[in-house]
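Have a look at the structure below, then the notes.
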Amino acid sequence: MSEGQNSRIHRKDYAAPQHLVDSVDLVFQLDPAETVVHATMRVRRNPSVEPTEGLALHGDELELRAVSVDGIALAEDEFEADSEGLRIHRVPDAFELRTEVAISPERNTKLMGLYTSSGAFCTQCEAEGFRRITYALDRPDVMSRYTTRIEADKANYPVLLSNGNRVGEGELPDGRHWVKWEDPFRKPGYLFALVAGDLVCHRGAFTTASGRAVDLEIWVESENADKCEHALASLQAAMRWDEETYGLEYDLDVYMIVAVNDFNMGAMENKGLNIFNSKFVLAKPSTATDDDYEGIESVVAHEYFHNWTGNRVTCRDWFQLTLKEGLTVFRDQEFSADMISPAVQRIKDVTRLRTAQFAEDAGPLAHPIRPESYIEMNNFYTATVYEKGAEVVRIYQTLFGKDGFRKGLRHYLESHDGSAVTCDDFRESMAEANGADLTQLERWYAQAGTPTVRARGTWDAEASRYSLTLSQSQRVMPKQAAPLPLPIPVRVGLLSPGGSEIPGSARTLELTAEEQSFSFEGVGERPIASIGRGFSAPIRLEVERGLDELAFLMAHDTDAFSRWESGQELAKRVLLGLVNEVQAGRPLQLEPLLVDAFAKVLRDASLDGSIKSLTLKLPSEELLSQELSAVDPDAVHAARSFVVRELALALRSDWRETYDRHAAGSDAVTKPEVDRRRIKSRALWYLVALEEPETIALATQQFGAATGMTDYEAAFLGLVDLVCPETDAAIASFHARWKNEPLVLDKWFRMQAMSSASNVFDRVVALAEHPDFTLANPNRARSLLYAFAAGNPVGFHRPDGAAYRFVADQILELDRINPQVASRIVSSFNQWKRYEPRRGALMRAELERIASTLSISKDVREIVERAIQG
Ligand code: PHE
Ligand code: ZN
């Protein structure tokens with residue numbers, strides 16, 4: 001069985017809709033077991049397409065109760081309803097359509113459409129969930145004005161929310177009540193939202209630059225009322241930033257955020273009523289880490305920024321998803337850079353891109369940021385569409401500068417406000433506003449794969465000239481045209497041997513052909529070139545240079561991101577050399593240059609704790625594995641653990657001194673305190689790796705005394721890699737203390753799943769049986785299964801294949817509950833071809849076992865079949 005059964009949708013087949021829907025008026029009679037939805041739509045033919053006789057609406061798992069056109073109920077032979085939707089054979093040019101359907105929110109475990117979460121009702125409609133609520137033209141280029149009347153039991157659901165403004169409310173018999181909402185902005189169905197529950201509101205306010213007073217409301221369960229301050233402050237900061245940076249203001253009188261415990265993704269930008277995974281709302285210092293705080297700030301901002309880039313101007317079709325997501329990720333990255341620190345933010349973003357997106361681009365599911373086809377749209381909310389998409393947006397800014405980018409963005413929004421457009425429209429707006437020709441840039445949208453750029457420099461002493469030759473190449477994708485050269489901006493600068501930047505040498509080179517040379521005049525000494533500053537394009541860069549040059553750049557580069565980058569490259573080279581030694585069975589020896597470089601950073605008083613901590617972190621096993629063919633995860637782990645221990649030993653007194661110096665402070669989430677905790681945690685981590693009674697005691701002591709979650713988690717993270725009584729005690733006490741805080745308990749599952757302890761697999765199997773584990777909650781399922789499969793290379797890839805079998809079994813069970821979450825986790829098998837043959841065969845066997853299960857969802861089937869085909 002294959003694709004045939006599930007249809008593949010192609011970008012080239014886009015056709016404008018046959019009908020337009022001017023208004024959608026909804027009435028919900030809420031009940032967890034059976035909710036009735038009445039919809040009234042004003043429908044008319046789309047004047048710009050060839051007329052057809054009938055009307056076709058999408059629908060998924062709806063029970064049709066009644067349908068009428070212009071007030072006249074349709075006879076049986078006038079329509080057809082099946083699992084795909086509703087087709088009415090003949091309709092007038094313009095008419096009123098009424099439908100009545102029944103749905104079951106409490107049995108909706110896919111969490112798409114209307115569902116219940118912790119006793120409340122909520123919705124998720126992107127990408128194609130609106131059709132699970134009512135029959136609709138569920139495509140983003142059909143935009144309508146909505147009203148929503150919600151009726152529900154007043155005691156259980158005192159709060160009734162939807163998009164836009166509240167325009168009426170009242171009482172009903174039998175203890176029920178109603179509220180009516182009206183959204184003045186036209187929108188596609190994927191931005192519809194409804195929430196009903198017993199929630200409390202954390203209120204704030206914002207006055208826009210032009211004087212509009214906006215009520216800010218964060219709705220949560222009452223026990224979480226004390227965890228909303230940070231989300232509110234993040235929202236206010238994002239609103240201010242978008243005004244200052246791009247002149248973009250909010251456009252309604254109220255902005256609501258609701259936190260729900262069961263959510264497939266991070267959050268959703270529904271007009272005026274964002275619905276969030278509670279993980280990206282709730283925080284106080286005792287329950288959330290510094291990284292959690294940063295995650296909340298960035299996701300709150302991301303969803304807010306969508307109000308312009310996504311909602312006011314939306315996507316014509318789902319192939320254009322990166323139009324809103326790449327752009328909005330870029331905007332949230334820029335915001336976080338301004339809030340936190342540009343270098344720290346860039347390091348985080350680039351690390352995430354390399355870890356998730358480069359792997360995706362090198363595997364069987366590689367796709368361009370604007371895909372050409374899909375079977376299940378939910379599978380295309382990928383690192384490529386989001387993270388690489390953001391890097392492509394960044395290219396415009398690198399080319400035109402911040403002012404040119406702002407001009408282009410404003411021109412794009414002004415030209416297309418209120419409409420549904422394409423990536424080409426964005427590129428054209430940017431070109432128009434900046435008087436540039438961006439034809440070649442389209443290739444970034446069309447070609448999959450990570451380009452490699454090789455750089456070779458030569459210095460001509462007599463002519464005082466330095467020449468840099470750049471050449472690009474790309475993987476040829478199966479069944480695709482040979483890749484064409486991309487326009488690649490490469491930021492460079494030259495350093496003199498003394499370590500200072502050669503004045504005027506910092507430039508952005510524009511590589512547009514397969515190979516080009518660039519020369520720098522007046523270079524009187526042999527320079528050291530810093531290449532790819534700020535990670536100016538999503539490429540792999542290959543520069544032939546020795547470890548000593550990397551150490552030099554790590555110490556002297558004027559670009560903070562590039563100093564970190566050189567350190568990572570240095571560590572990576574050393575580590576990959578050691579992987580070789582492990583595999584050849586030779587004794588290991590640590591390169592002294594790496595120890596020196598680390599010592600210098602550790603002792604450098606001019607670096608802040610966050611940068612220092614990031615620089616002292618070795619490249620992950622996942623990143624190292626990307627550089628290898630026939631990956632042996634045990635060898636990678638052995639090499640990396642060796643380096644960790646050697647660095648811990650060689651610099652032991654520095655680590656200890658660093659720890660002691662940064663031990664005391666407050667739990668406040670302020671830059672100095674966050675910096676302090678970051679370097680303190682790094683030092684503790686190296687010390688614990690020594691596995692000595694004294695260092696274990698240090699972690700145990702911090703674990704017992706911590707009042708803030710960052711310190712608590714850092715201590716647990718050290719202990720959980722060990723097999724000793726202190727570890728068992730910490731695991732037990734963590735659970736006892738936090739069993740009633742779901743988000744903290746997720747951390748308990750996640751950290752155990754990612755442990756490098758030798759007994760991790762047994763622990764994970766036992767955790768899957770734990771009374772607090774459930775596949776029905778996406779956060780919990782991911783905390784154990786995704787963390788283990790994607791974040792624990794040694795545990796997941798144990799040579800006997802037992803972990804593959806276990807995870808595959810869990811995926812099959814999860815798929816029956818929630819295909820979208822199952823299909824994320826199954827992606828952990830995609831890279832099977834990159835592993836050494838025995839493991840590769842075991843992984844492939846599990847993929848085949850999943851594929852041969854007839855009942856699997858189309859979400860999982862699309863992924864496994866492509867993975868098997870390679
Ligand atoms: N549009 C959401 C975002 O990125 C992501 C999302 C997609 C959420 C699909 C839910 C479902 O902001
Ligand atoms: Zn988004």
May I ask you to check whether H302 and E269 show a side-chain donor-acceptor distance below 3.5 Å?
no
Indicate whether any N or O donor in one side chain lies under 3.5 Å from an N or O acceptor in the other, for T558 and E501.
yes
Would you tell me whether N270 and E303 have side-chain atoms, one donor and one acceptor, within less than 3.5 Å of each other?
no
Close side-chain approach of V669 and V674, heavy atoms under 4.5 Å:
yes
Name the orientation class of the two ring planes belonging to Y396 and F426 (parallel below 30°, tilted from 30 to 60°, perpendicular beyond 60°).
perpendicular
Could you walk me through whether D251 and R212 pass salt bridge (Lys or Arg N to Asp or Glu O under 4.0 Å), step by step?
CA-CA 8 Å; D251 53 15; R212 179 196 288 273; over 6 Å; no
If I compare all heavy atoms of A571 with all of P619, which pair ends up nearest, and what's the gap?
CB-CD, 3.7 Å
Taking the side chain as everything from C-beta on, heavy atoms only, tell me whether E297 gets closer than 4.5 Å to V300.
no
When rounded to the nearest 0.5 angstrom, what distance separates CE in M430 from CD1 in I395?
12.5 Å
Flag the pair D291 and R678 as a salt bridge only when some basic side-chain nitrogen lies within less than 4.0 angstrom of an acidic carboxylate oxygen.
yes
Could you please spell out the steps behind the side-chain hydrogen bond (donor to acceptor under 3.5 Å, both in side chains) verdict for E741 and T287?
CA-CA 8 Å; E741 286 279 354; T287 61; 5.4 Å; no
Would T328 and T309 count as having a side-chain donor-acceptor pair, cut-off 3.5 Å?
yes
Pair E229-H202, side-chain donor/acceptor within less than 3.5 Å
yes
Side chains of T351 and R354: is there a donor and an acceptor less than 3.5 Å apart?
no
Pairwise side-chain contact, S500 with H556, heavy-atom cut-off 4.5 Å (strictly under)
no
Can you measure from CZ (F749) to CZ (R782) and round to the nearest 0.5 angstrom?
14.5 Å
Test item: R203 side-chain N/O and E217 main-chain N/O as donor-acceptor pair under 3.5 Å
no
Is the number of heavy atoms from other residues, nucleotides or ligands under 6.0 Å of K617 NZ greater than 12?
no
Scan side-chain atoms only and decide if N307 and K271 contain a donor-acceptor pair under the 3.5 Å cut-off.
yes
Between the CH2 atom in W685 and the CG atom in L616, the distance rounded to the nearest 0.5 Å is 11.5 Å
Does any part of the side chain of L494, heavy atoms only, come nearer than 4.5 Å to the side chain of I528, both counted from C-beta?
no
May I ask you to test the E294-K348 pair for a side-chain heavy-atom distance under 4.5 Å?
yes
L651 versus R603: any side-chain heavy-atom pair under 4.5 Å?
yes
How far apart are the closest heavy atoms of T710 and T289, and which atoms are they?
OG1-CA, 3.3 Å
If you measure only the distance, is there a donor-acceptor pair under 3.5 Å linking the side chains of D242 and Y250?
no
Steps toward side-chain contact (heavy atoms from CB on, under 4.5 Å) verdict (E325, H306)
CA-CA 8 Å; E325 294 305 345; H306 268 316; 3.1 Å; yes
What side-chain donor-acceptor pairs closer than 3.5 Å can you find for residues 231-240, not counting sequence neighbours?
from, atom 1, to, atom 2, distance (Å)
S234, OG, H230, O, 2.8
Q236, NE2, A205, O, 3.1
R240, NH1, E243, OE1, 2.9

Step-by-step ring-ring contact (aromatic ring centres under 6.0 Å, His included) determination, Y246 to W241:
CA-CA 8 Å; Y246 299 115; W241 185 89; 5.7 Å; yes
Flag, side chain of W738 to backbone of L743, donor-acceptor distance under 3.5 Å
no
Cut-off 3.5 Å, side chains only: do R682 and S613 have a donor facing an acceptor?
yes
If we ignore hydrogens and angles and just use 3.5 Å, is the side chain of S505 paired with the main-chain N or O of G493 as donor and acceptor?
no
Least distance between heavy atoms, G408 atom then A433 atom:
CA-CB, 3.6 Å
Quick check against the 3.5 Å criterion: does S755 have a side-chain atom that pairs as donor or acceptor with the backbone of V720?
yes
Note: D608-K671 ion pair, threshold 4.0 Å (strictly below):
yes
Are D361 and K388 within salt-bridge range, i.e. N to O under 4.0 Å?
yes
For residues T508 and P489, report the shortest heavy-atom separation together with the two atoms involved.
CG2-CB, 3.9 Å
Are K600 and D604 close enough for a salt bridge, meaning some N to O gap below 4.0 Å?
no
Please report the C-alpha distance between V260 and F263 in whole Å, then the side-chain angles of each, then the deciding distance to 0.1 Å, and finally whether the side-chain contact (heavy atoms from CB on, under 4.5 Å) criterion is met.
CA-CA 7 Å; V260 302; F263 201 75; 3.8 Å; yes
Hey, mind stepping through N261 and N779 against side-chain hydrogen bond (donor to acceptor under 3.5 Å, both in side chains) and telling me if it holds?
CA-CA 8 Å; N261 295 324; N779 286 355; over 6 Å; no
Please determine if E334 and R394 form a salt bridge, counting it only when a charged side-chain N lies under 4.0 Å from a carboxylate O.
yes
Cut-off 3.5 Å, side chains only: do T355 and E622 have a donor facing an acceptor?
no
What verdict does the side-chain contact (heavy atoms from CB on, under 4.5 Å) test give for L248 and R410, after you've listed the backbone C-alpha separation in whole Å, the side-chain angles of each residue and the deciding distance to 0.1 Å?
CA-CA 9 Å; L248 299 175; R410 289 195 56 94; 4.3 Å; yes
Could you pull out the closest heavy-atom pair between W444 and I539, with the gap in Å?
CH2-CG2, 4.3 Å
Those residues at least two apart in sequence (or on a different chain) that pass side-chain hydrogen bond (donor to acceptor under 3.5 Å, both in side chains) with Y786 are none
Report the C-alpha distance between S562 and R533 in whole Å, list the side-chain angles of each, state the deciding distance to 0.1 Å, and finish with yes or no for side-chain hydrogen bond (donor to acceptor under 3.5 Å, both in side chains).
CA-CA 6 Å; S562 291; R533 283 185 169 170; 4.7 Å; no
Measure the shortest side-chain to side-chain distance between W748 and L745 over non-hydrogen atoms and say whether it is less than 4.5 angstrom.
yes
Which pair of non-hydrogen atoms, one from F734 and one from Y712, has the smallest distance, and what is that distance?
CA-OH, 3.3 Å
Salt bridge between E569 and R540, side-chain N to carboxylate O under 4.0 Å?
no
Is K612 reaching over with its side chain to a backbone N or O of I679, donor-acceptor style, under 3.5 angstrom?
no
Are R677 and D711 ion-paired here, with the side-chain N under 4.0 Å from a carboxylate O?
no
Under 3.5 Å, is there a donor-acceptor pair between the E126 and Y381 side chains?
yes
Determine whether the aromatic ring centres of residues F405 and F330 are separated by less than 6.0 angstrom.
yes
Do the side chains of I257 and V220 get nearer than 4.5 Å, heavy atoms only?
no
Per side chain to side chain contact (heavy atoms under 4.5 Å, CB included), F535 is matched among L541, I347, L353 by L353
Rounded distance [0.5 Å steps], CG in L687 versus OH in Y659
9.0 Å
